[in-house]
Asks: 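Let me give you the structure first, and then I'll get to my questions.
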Amino acid sequence: MSDTPVPIDTVEMPYVRTLGPVISRFFTGLRDGEIWANKTRTGKVQCPPFEYDPYTGESASDDWVQLDGTGTVSSWAWVEEPLRNHLLQEPFAWCLIRLDGADTDLVHAVRVADKGQMATGMRVEARWRDERIGHLRDIECFEPA
Amino acid sequence: MRDVAIVAFAQSPLVRRQTDFDEPQMIMPVVREAYEQSGLDRSQIDFVCSGSADYLAGQPFAFIRGLDAVGAWPPLSESHVEMDGAWALYEAWMMLQIGHADTALVYGFGKASAGNMREVLTVELDPYYLAPTGIDCISTAGLQARALLDNSDYTERDMAEVAARSRRSAMSNDHAQVKKDVTAEEILAEPYWVDPLRPSDCPPITDGAAAVVLVAGDRARDLCERPAWIRGIDNRIETHYFGTRDLSKSPSTEVAGKTVGSGDGIEVAEISSTFSHQELILKDALGLQDSTEINPSGGPLAANPLMAVGLIRIGEAFNQIKNNGKQRVLAHATSGHCLQQNLVCVLEGD
Amino acid sequence: MSDDVKVLNSVVSLDYERPPTRAARRYTEAVGEKRLIAHRCPECERLYTPPKGYCPVCVVLTTDEHEIEVSPEGVLVSYTVTNPDKLHQQGGKTSARGDVMLDGTRITLMGELDGVEAADVHTGMRMRAVWVELEDGRLPSSGGWGAVGIKGWEPTGEPDASREEVQELLKKAGES
């Protein structure tokens, strides 16, 4: 019974997901370098936008607002060793970001030179990729504003 | 409401990697032990329900193999949830409530060692806004821990105290995986893993299985000297995108807890605090008093067999009544990232 | 709006390490020696190859002590011919797959039929195993299911089992 190394099986599942009107509008905006949020019927501004208000189950309104890509960190977790699928491949912070004008948090990455710069309440701004395809990764990350 | 009781509970050794046995081999002795404890054989079980996740095994319909461990011949009345076995118990409890069964076997199992759990558990996130970022379960827990530290008086020392006590409590649990006489100081001296979490704030990777037998009515007293009656069980879910939640609180646990009377005279609580800070959130949400003993088994920080760990909380709570003379105990299970969905169950002795 | 972003492309890619069980390791070693092993259930005497390490009918574990060698030869009891052109699968070739019941058992194992034209395949043929080649002492990945040590079956050239004999074998296999 030799102790042969265990082979790795890679399971791969490709998906093409249709977006629906709301996520389509959000991702189209990202491709064009714009961040759009939508309003619930109670007037709450959601970014990222949903087709509904998750707290009431009601459809969201057709009211959209454009945000400027600056915001405030409402929570963060520092990753010293990124996983292969993480947004950044260098030490960075996962953040909940309350974009200016929004009432909900966006989950994204913040890049700083040093962990010591990270703090709840810090101001950040979006750093866009030059080549954008309509994906959350069109925003490469956020950086201190 | 019918009176429904737990009359038997068994669990496998909870280990980092179960190499010699596959899933059915891991489950089979556990199911056998549960049957023996209950005095029932499988022909006397009306309904079987299991909890597991195919992504752990990396094979479609992997849960079907689990049926090999309970004997699917002659054909049996069976169901499965792609969740922790605690939710399988909830489904079985409902089958007993509506009178479609008088006895049920519930089991949960998982070999988390096969895959990379930090990648596998990302797949259960929203596929548009979260999964494409690659965010993992340690990072989401880190965001939640920071939210708690920022929005409450709790400190990293409070988290370390939970982490240390859990590993110390586990020293008297034969099944536990991580057990050691460790202090909060020693844990605070660890470097961060995903700041503000240190390695000891996080659960181990565990292979394991567990099984429970439920019986309705007086028959439970014939089968078990001290059955644990399910006096309340409720589960509640919150929205999936955690950017829209206050992560420092668990309103779903709070509602489920209020429904079943979690704040009232609980002697022991076995809760699925997968990360140290989650015990602090859950204790407040459940309204547990300081006199309530939390996770004497060590909890998920001592052994975290995914898809069985919640069912084990219910089983450990049952053992407190059956073996330890307790009268009113609580069990809690969780599903998803950052305590998204929570099940709370109150058990009482006769 | 025709250039709006309408879809999200994504790939879920996950790596798994599945160490073979003890029963699977012994089975693999035997395949390397062109031997076929099975576990016999101590309660119902059903045979399982590859050995599972348990009997799912009686719900008992089985171990090395329940291991026996079984014949890698048997009788073709069922088959199907796949014609890829009819299925619009261009480039495929017509092939046959069949179920062989191993001699002295009621185990049937499915596999590609080799060394016989699809048009000539018929039940009752005597077949023997076509073994897989081990790669670094391991069975090639099969996707997790099936008779992984045996690629398929080829005719032995011995006289066929009669129609009655085949029916008797199938009846035996159907008994619970």
Side-chain angles (χ1 to χ4, degrees), chain A residues 1-38 47-51 62 64 66 81-87 89 106-108 126 128-139, chain C residues 1-37 39 50-53 61-67 69 131-149 151:
Chain A
M1 296 263 164
S2 56
D3 230 6
T4 47
V6 179
I8 304 277
D9 278 345
T10 301
V11 177
E12 245 175 35
M13 291 160 282
Y15 294 96
V16 180
R17 296 181 188 279
T18 52
L19 299 178
V22 169
I23 300 177
S24 170
R25 177 149 181 191
F26 181 63
F27 281 1
T28 302
L30 292 178
R31 185 199 60 195
D32 299 340
E34 299 171 353
I35 299 176
W36 287 89
N38 71 350
C47 188
F50 295 97
E51 290 181 12
D62 289 330
W64 287 77
Q66 188 175 358
E81 294 170 32
L83 302 181
R84 59 181 176 172
N85 295 328
H86 280 176
L87 286 176
Q89 293 298 302
L106 173 74
V107 177
H108 218 283
W128 293 93
R129 286 185 195 279
D130 294 333
E131 288 190 14
R132 298 185 296 270
I133 57 169
H135 191 283
L136 264 185
R137 288 178 187 246
D138 290 345
I139 300 174
Chain C
M1 307 291 253
S2 59
D3 71 335
D4 281 0
V5 179
K6 296 287 190 195
V7 296
L8 173 69
N9 290 291
S10 61
V11 177
V12 173
S13 179
L14 298 166
D15 293 340
Y16 292 90
E17 282 180 46
R18 303 188 190 93
T21 62
R22 180 176 173 82
R25 292 198 303 267
R26 289 183 65 87
Y27 171 78
T28 303
E29 285 186 350
V31 166
E33 298 160 6
K34 300 202 187 319
R35 292 187 302 118
L36 194 57
I37 61 168
H39 278 189
K52 290 172 179 283
L61 293 175
T62 57
T63 61
D64 294 356
E65 63 176 303
H66 306 107
E67 185 180 299
E69 196 164 332
W131 300 92
V132 301
E133 294 293 330
L134 297 191
E135 297 167 1
D136 297 330
R138 296 195 294 261
L139 293 169
S141 178
S142 69
W145 302 94
V148 289
K151 249 192 315 208

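In the text below, chain A, chain B and the rest are named by the order of the sequence lines, each starting its count at 1. What you see below is based on every heavy atom in this structure, not just the backbone, and it leaves out hydrogens, waters and symmetry mates. Model, not experiment: these values are computed from the prediction.
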Asks: Under a 4.0 Å threshold between the charged nitrogen and the carboxylate oxygen, would C:D3 count as salt-bridged to A:R31?
Replies: yes

Asks: Around A:E131, counting heavy atoms of other residues, nucleotides and ligands shown, do more than 12 lie under 6.0 Å from its CD?
Replies: no

Asks: To check you understand the geometry: which heavy-atom pair defines the closest contact between C:V5 and A:T28, and what is its length?
Replies: N-OG1, 2.8 Å

Asks: Are the side chains of C:K6 and A:L19 in contact, using a 4.5 Å heavy-atom criterion?
Replies: no

Asks: Do any of residues 10-18 of chain A have a heavy atom less than 4.5 Å from a heavy atom of chain C, and if so, which, in residue order?
Replies: A:T10, A:V11, A:E12, A:M13, A:P14, A:Y15, A:V16, A:R17, A:T18

Asks: For A:I133, is it the side chain, the backbone, both, or neither that has a heavy atom closer than 4.5 Å to a heavy atom of chain C?
Replies: backbone

Asks: Which residues pass the ring pair (Phe, Tyr, Trp, His ring centres under 6.0 Å) test with A:H108, sequence neighbours left out?
Replies: A:F142

Asks: Assess whether a salt bridge exists between C:R18 and A:D9, defined as any Lys/Arg side-chain N lying under 4.0 Å from an Asp/Glu carboxylate O.
Replies: yes

Asks: Is the CD atom of A:Q89 crowded by more than 12 outside heavy atoms at less than 6.0 Å?
Replies: yes

Asks: What option among C:V11, C:V12, C:N9 has the most heavy-atom pairs under 4.5 Å with chain A?
Replies: C:V12

Asks: Is there a side-chain contact between A:F27 and C:L8 in this structure, where contact means two heavy atoms from C-beta onward sitting under 4.5 Å apart?
Replies: yes

Asks: Do you know which two heavy atoms are closest between C:L14 and A:R84, and how far apart they sit?
Replies: CA-NH2, 4.5 Å

